[in-house]
Amino acid sequence: MSNLFAPTMKESPTEAEIASHNLMLRAGLIRQLSSGIYTYLPLGLKTLNKISCIVREEMDRVGGQELLMPAMQPGELWKETGRWDVYGPELVRFRDRRKRDFCLGPTHEEVITDLVRRELRSYRDLPVLLYQIQVKFRDEIRPRFGVMRSREFIMKDLYSFDTDREGMQNTYEIMYEAYCRVFERCGLQYQAVRADSGVIGGDLSHEFLIVAQSGEEKMMVCRACKAGYPEEEVSCSVCGTTSALEEKRGIEVGHIFQLGTKYSQAMNALFVDKDGSEKPIIMGCYGIGIGRTMGAAIEAYHDEHGIQWPWNLAPYQVCIIPVHVRTAEMVKIAETLYNTLQEAGYECVLDDRDLRAGHKFKDADLLGFPVQLILGDRSLKNNQLEVKIRSSDERVDINREDVLETLESIRKKSVHI
RNA sequence: CGGGGAGUGGCGCAGCCAGGAUAGCGUACUCGCUUGGGGUGCGAGUGGUCGGCGGUUCAAAUCCGCUCUCCCCGACCA
């Protein structure tokens, strides 16, 4: 950690009004460049990448193919769908040197549809699922809550292309399940809720919310069948029970849509069906806010001391804390332990800084590593070390040779999939 | 965009109303000693265009005008 660029702060910056924003700044995960525009520092990027990896794996698992589209998009495409006029000032627009209209993509329906209409001709090419994890730009009226609503943000957006509505609905269900796995693997409590499809357009739509007290959105969840409903929908539950609705709050991190032919029709993205007739491709689109998921995770898991990362999202799972680095013996044992864990596949940091124990403890708590391995003089003599679980504050002394076994059992308890 | 608030060493703030000497406090940082299991104690030190431009005045962080930025509340969103 002496080499780690993770500037922590003891005091809270004034601008951060909510826990996740405050902690991301204090723990040195992000720094603000401008309103709604943030730099991810090394630790913040680590977690961001963890979320991206999980998302990527789950998209690939259901047949998604990753590509990368440009952020800079010609206005022409947006005029084709009419969204150049509809989207409003949230769309970041500019002209190039030849005075052609361009924008920075807030979403990529136009670009992907343009790609697909050029390359996909036959029903034999379908269905296809294409996605990217990429930076998006939305000139929000009011950016707020740090990375939760920023003007530049990382989003996974997948677009599906089917030959008919049944195919699209099938894809939708598969994606729904994939989303459930993503959030489970992140170690987050989530809730899917029926939603309006808004500006994006289309028919059926669900939002995925991370359950958190501080969430901006209210929802009603059926205690029996776990189905979620928007607050305003007082309709009863699908499973028939009427009185078992519970109000919960959440943070929207994902949204899935059945688009139908809204874009394919407007942009003339057609395929030739079995019977030889040309039909518009049936589309769906599926977003996950990567940075927002990170913020929501902190919002859901923190205490007065700092972050409590779920195992799979932690920048490092283990923090080794020698209470001092004054003796060669202590340093050697700490380094040996570090190497042992590295070889065993644990991501760990060694707090080799020449600081007082209290300072290191405070930092480790703030940064939220799931496990702290504390090396003190007393336990050292007995060939022991102290294991502290961040989320429960549970502490036990174990023999040093049992460390891998102990970590493995902690990992098993923390991770479900 | 409407309503509210704030810009003063890295961070958190005081000073401004009632203009005046070297712009102050906490923290962080550097050095020395000290301490060593929950942000040690003492001492010394570095670091400031007081957001910017213009004006009033013998004199502006302080008064006036313009402007930029940031934050909070509302409509919108991953």
Side-chain angles (χ1 to χ4, degrees), chain A residues 7-18 21-22 25-26 28 31-37 51 55 86-91 105-108 133-158 179 182-183 195-200 205-210 216-217 250-257 285-296 304-306 321-327 330 351 353-367 372 374-380 385-386 388 393 395 397:
Chain A
T8 59
M9 290 185 279
K10 193 156 78 174
E11 291 173 280
S12 295
T14 32
E15 71 263 24
E17 294 268 319
I18 65 164
H21 188 195
N22 186 304
L25 289 168
R26 287 221 293 137
R31 285 292 182 264
Q32 179 169 332
L33 177 64
S34 183
S35 176
I37 301 177
I51 298 169
V55 169
V86 179
Y87 220 95
E90 201 175 301
L91 184 63
T107 175
H108 281 70
I133 295 172
Q134 192 234 20
V135 64
K136 297 281 188 274
F137 298 86
R138 292 183 193 175
D139 196 357
E140 290 285 343
I141 296 166
R142 184 152 98 82
R144 65 177 116 175
F145 303 145
V147 300
M148 299 286 251
R149 185 183 309 156
S150 48
R151 297 195 290 172
E152 178 178 327
F153 59 98
I154 308 290
M155 178 168 143
K156 184 281 301 179
D157 46 327
L158 182 146
Y179 269 47
V182 165
F183 298 119
D196 289 332
S197 28
V199 196
I200 313 265
S205 158
H206 282 88
E207 290 179 354
F208 282 78
L209 312 181
I210 300 304
E216 278 196 280
E217 280 192 59
I251 300 159
E252 184 187 347
V253 293
H255 206 152
I256 61 179
F257 303 87
C285 82
Y286 308 82
I288 292 179
I290 306 290
R292 185 180 280 189
T293 299
M294 180 169 164
E304 68 271 29
H305 302 295
I321 307 175
V323 296
H324 64 76
V325 289
R326 286 194 308 279
T327 63
M330 178 65 91
D351 196 342
R353 298 175 297 175
D354 186 14
L355 295 175
R356 301 175 63 84
H359 194 142
K360 297 189 189 185
F361 294 150
K362 290 284 185 192
D363 265 354
D365 286 350
L366 176 62
L367 292 167
Q372 295 171 21
I374 300 159
L375 296 166
D377 285 320
R378 286 189 296 274
S379 55
L380 219 63
L385 56 77
E386 180 181 332
K388 172 179 163 175
D393 201 32
R395 297 147 195 263
D397 289 320

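The chains referred to below are lettered A, B, ... by the order of the sequence lines, with proteins before strands, and numbering in each begins at 1.
A/R26 places its CZ atom 16 Å from the C1' atom of B/G10, with the value rounded to the nearest Å. Per the geometry, CD1 belonging to A/I18 stands 13 Å off C1' belonging to B/C72, to the nearest Å. For the pair A/F361 CZ and B/G37 C1', the computed distance is 5 Å after rounding to whole Å. Residue A/D139 contributes atom CG, which lies 19 Å from atom P of B/A75 at whole-angstrom precision. Distance A/I374 CD1 to B/G36 P: 19 Å, rounded to the nearest Å. In this structure, A/E17 places its CD atom 16 Å from P of B/C70, rounding to the nearest Å. The interatomic distance linking A/E140 (CD) with B/C1 (C1') rounds to 14 Å, in whole Å. Rounded to whole Å, the distance from CD1 on A/I51 to C1' on B/A78 is 13 Å.
Of the possible donor and acceptor atoms, none in the side chain of A/R144 sits under 3.5 Å from a partner among the backbone N and O of A/R149. A donor-acceptor pair under 3.5 Å is absent between the side-chain atoms of A/K136 and the main chain of A/K156, judged by distance alone. Within the 3.5 Å criterion, the main-chain N or O of A/S34 finds a donor-acceptor partner in the side chain of A/Q32.
Side-chain proximity of A/F145 to B/C73, B/G12, B/A78: nearest is B/C73. Considering only the side chain of A/Q32, B/C71 comes nearest among B/G37, B/C71, B/A78. Side-chain proximity of A/R149 to the nucleotides B/C76, B/G36, B/G37 is greatest for B/C76. Closest to the side chain of A/M9, out of B/C11, B/A75, B/G38, is B/C11. Each of B/G38, B/C72, B/G12 was ranked by its minimum atom distance to the side chain of A/R395; first place goes to B/G38. For A/I141, taking side-chain heavy atoms from C-beta onward, the closest of the listed nucleotides B/A75, B/C71, B/G37 is B/A75. With B/C72, B/G37, B/G26 as the candidates, the nucleotide lying closest to the side chain of A/R378 is B/G37. Residue A/R138 places its side chain closer to B/A78 than to any other of B/A78, B/C76, B/G36. Considering only side-chain atoms of A/K362, the nucleotide from B/G38, B/C73, B/G37 that sits closest is B/G38.
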Sub-3.5 Å pairs of nitrogen or oxygen atoms, protein against nucleotides 28-35 of chain B:
unit_1: B/U35; atom_1: O2; unit_2: A/R356; atom_2: NH1; d: 2.3

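In terms of phosphate contacts, A/T14 brings no side-chain nitrogen or oxygen within less than 4.0 Å of OP1 or OP2 of B/C71. Using a 4.0 Å cut-off, no side-chain N or O of A/R151 falls inside it from OP1 or OP2 of B/C77. Within the structure, every side-chain polar atom (N or O) of A/S34 is placed at least 4.0 Å from both OP1 and OP2 of B/U69. Close to B/C71, at under 4.0 Å from its OP1 or OP2, lies no side-chain N or O of A/R142. Distances shown here put every side-chain N or O of A/H324 at or beyond 4.0 Å from the OP1 or OP2 atom of B/G36. At the phosphate of B/C71, OP1 or OP2 sits under 4.0 Å from a side-chain N or O atom of A/S35.
Side-chain contact of A/N22 with A/S12: a donor-acceptor pair under 3.5 Å is present, judged by distance alone.
In this structure, A/S150 reaches the bases: a heavy-atom distance under 4.0 Å links it to at least one base atom across the strands shown. Among the heavy atoms of the strands lying under 4.0 Å from A/V323 is at least one base atom, whether or not backbone atoms are also near. Among the protein residues, A/E252 comes within range of the sugar-phosphate backbone only, with heavy atoms under 4.0 Å from sugar or phosphate atoms but none that close to a base. When heavy atoms are screened at a 4.0 angstrom cut-off, A/S12 is found touching the sugar-phosphate backbone but no base atom. Across all strands, A/G376 comes closer than 4.0 Å to base atoms (heavy-atom distances). Heavy atoms of A/D365 sit under 4.0 angstrom from at least one base atom.
A donor and an acceptor atom never sit less than 3.5 Å apart when one is taken from the side chain of A/D377 and the other from the base of B/G37. No hydrogens or angles were tested; on distance alone, a donor-acceptor pair under 3.5 Å links the side chain of A/R292 to the base of B/C77.
B/G15 and B/G4 have their C1' atoms separated by 24 Å, given to the nearest Å. With both ends at atom P, the span from B/G24 to B/U46 equals 13 Å, rounded to whole Å. When the C1' atom is compared between B/A28 and B/C63, the two are found 35 Å apart, to the nearest whole Å. Only the C1' atoms considered, B/A61 is 7 Å distant from B/C16, to the nearest whole Å. For the C1' atom pair drawn from B/U69 and B/C50, the interatomic distance equals 16 Å after rounding to whole Å. Taking atom C1' on both nucleotides, B/A14 is separated from B/G9 by 15 Å, rounded to a whole Å. Comparing B/A60 with B/G54, their P atoms sit 14 Å apart, to the nearest whole Å. Rounded to a whole angstrom, the distance from the P atom of B/C73 to that of B/G47 is 39 Å.
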Using Watson-Crick and G-U wobble pairs whose two distances are both under 3.5 Å, how do you write the pairing of RNA chain B as dot-bracket, with | for links to another strand? ((((((((.[[[[.)....(...]]]].(((((.......))))).....[[[[[..)....]]]]])))))))....

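Take the nearest nucleotide of RNA chain B for A/S379 and for A/A16: the residue whose nucleotide is more 5' is A/S379.
In this pair, A/Y179 and A/F183 present their aromatic rings perpendicular. The plane angle is above 60°, beyond the 30 to 60° band.
You'll find the side chain of A/L25 reaches within 4.5 Å of the side chain of A/E15, heavy atoms only. Within the 4.5 Å cutoff, side-chain heavy atoms of A/R26 are placed close to those of A/P13. Under the 4.5 Å side-chain criterion, counting only non-hydrogen atoms from C-beta, A/F208 is not in contact with A/I288. Within the 4.5 Å cutoff, the side chain of A/I251 has heavy atoms near those of the A/M148 side chain.
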side-chain contact (heavy atoms from CB on, under 4.5 Å), that's the test. Do A/K388 and A/D393 meet it? Break it down for me. CA-CA 6 Å; A/K388 172 179 163 175; A/D393 201 32; 3.2 Å; yes

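Residue-environment remark: CZ (A/R31) exceeds the threshold of 12 foreign heavy atoms within 6.0 Å.
For A/F153, the ring pair (Phe, Tyr, Trp, His ring centres under 6.0 Å) criterion is met by no residue, not counting sequence neighbours.
Scanning all heavy atoms of the two residues, the minimum distance from A/M330 to A/L375 falls at CE-O, 3.3 Å.
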